[in-house]
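Since the structure is predicted, the reported quantities are computational estimates derived from the model, not experimental observations. Throughout, protein chains are lettered first and strands after them, A, B, ... in sequence-line order, and every chain is numbered starting at 1.
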Amino acid sequence: MSIRVRYFASLKETAGRSEDRIQIQEPLTAREIWRLLNPDKAAPETMLAAINMEYVSLDALVSDGAELAFFPPVTGG
Amino acid sequence: MSIRVRYFASLKETAGRSEDRIQIQEPLTAREIWRLLNPDKAAPETMLAAINMEYVSLDALVSDGAELAFFPPVTGG
Amino acid sequence: MSIILCEQPIEPWKELEAYQKNSTLLKGKYGACNIFTGVMRDFNQGDTVESMYLEHYPGMTELQLKHIAEQGMRQWSVLDCLIMHRVGAVAPNDTLVLVACWAVHRGDAFDACRFIMETLKTQAPFWKKETLATGRTRWVEKNSEGYQ
Amino acid sequence: MSIILCEQPIEPWKELEAYQKNSTLLKGKYGACNIFTGVMRDFNQGDTVESMYLEHYPGMTELQLKHIAEQGMRQWSVLDCLIMHRVGAVAPNDTLVLVACWAVHRGDAFDACRFIMETLKTQAPFWKKETLATGRTRWVEKNSEGYQ
């Protein structure tokens, strides 16, 4: 399964990169994917996630071909 | 005591005039002045009054030199 | 704070642009502006309305609008406030009223603008007389509660 | 309904004038318009702010704004809605956001505009990075509740 992972704002700085592309063998949750890609960085408590540009819980399963995004609380307006 | 009485909007049409000037011997309430000036026309229940351009109750006493106004509920905006 | 009665059509966007540009009070200091414009519709209570006349009580109208603006600015943290209201003959699509409140934070701008607008509707001495498509004229008897 | 992200400065009054003029939907039909503009201040959390960068998530930002506008228009009786939001480098006094809701009645215009604005603040993927007068940069961590 191929997944594109994107990081925004302060999480881009935390991760030290703006995106990853990974192959996984079985479905994982958003939280598991963060751990896999950032093993030495605890996910901030306030971290938000989106799959295919819709908000999801960190426990949502990520399906093949999805775009997964991690970002901090939004501050627009 | 000299008092200027003004009528606005539909009450101007009810009264058939836009203003009166009256002399009275002793203080009267706004309601009493309406009755005095419009003996054959009951004051509409929703009628409002102002003395010197500030809202008052119909039971407020009108003092010498005052401008008293009668008008229906307002409909601006 | 500015309170203006207009016999000529109000151009709300031009007025706002000019007011904001000229206000030394506002530059860099406000974070939020809430604006309400009320516009004449071509229908009311099931009838087509051709034109309207806005009567007011010169002197009292300005005084009451000032009271209302001051109350809104006291109750919330408002930096500046503009109220414009049309008087005299108006036609459908004309702007009847413009209320703008500038504040540091959005909650104050929203609350104050709405308070001023609702209070104006019940307290400011203006009266609408409609001329219908049939030629008949009628006084609007009561302002709506805002949702119908 | 229109959702626009702008890399160039937003001129809210010109945009509103043009939008209203071009909307066939609105002429004679709406009685109320409520507008909110959010503007960059030159101070925040006790510091002087020199400039700001507004990051967003291209695609998701537009999608979420559309969801929010649709929800507001469904929940109240709104004829038309315009949302503009700045992205990229901005300076104090720049308009960051513009939300306008047109309705037949004022209650719907006020409620929908405020709902859209509050929801945008918590749901639309934008992130502010401030550059202070000292040269230090920092991410704004949380939007205010609206009153402080």
Chain D-proximal positions within residues 53-70 of chain C [heavy-atom distance under 4.5 Å]:
none
Residues in residues 83-97 of chain C that sit under 4.5 Å from chain D, counting heavy atoms only:
C:N93
Which pair of non-hydrogen atoms, one from D:N34 and one from C:I35, has the smallest distance, and what is that distance?
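Taking every non-hydrogen atom into account, ND2-O, 2.9 Å.
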Could you tell me which residues in residues 41-51 of chain D have at least one non-hydrogen atom under 4.5 Å from a non-hydrogen atom of chain C, sorted by residue number?
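The stretch touches chain C at D:R41, D:D42, D:F43.
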Chain C contact residues among residues 105-116 of chain D, heavy-atom distance under 4.5 Å
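D:H105, D:R106, D:G107, D:D108, D:F110, D:D111, D:C113, D:R114, listed by number.
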CD of D:E141: more than 12 outside heavy atoms within 6.0 angstrom?
no
So does C:E145 have more than 12 non-hydrogen atoms from other groups sitting under 6.0 Å from CD?
no
Given D:G31, D:A103, D:P12, the one with more heavy-atom pairs under 4.5 angstrom with chain C than any other is D:G31
I need the D:E11 CD to C:E17 CD distance, nearest 0.5 Å.
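Reported value, rounded in 0.5 Å steps: 6.5 Å.
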At a 4.5 Å cut-off on heavy atoms, which part of D:E15 comes close to chain C: side chain, backbone, both, or neither?
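Neither the backbone nor the side chain of D:E15 comes within 4.5 Å of chain C.
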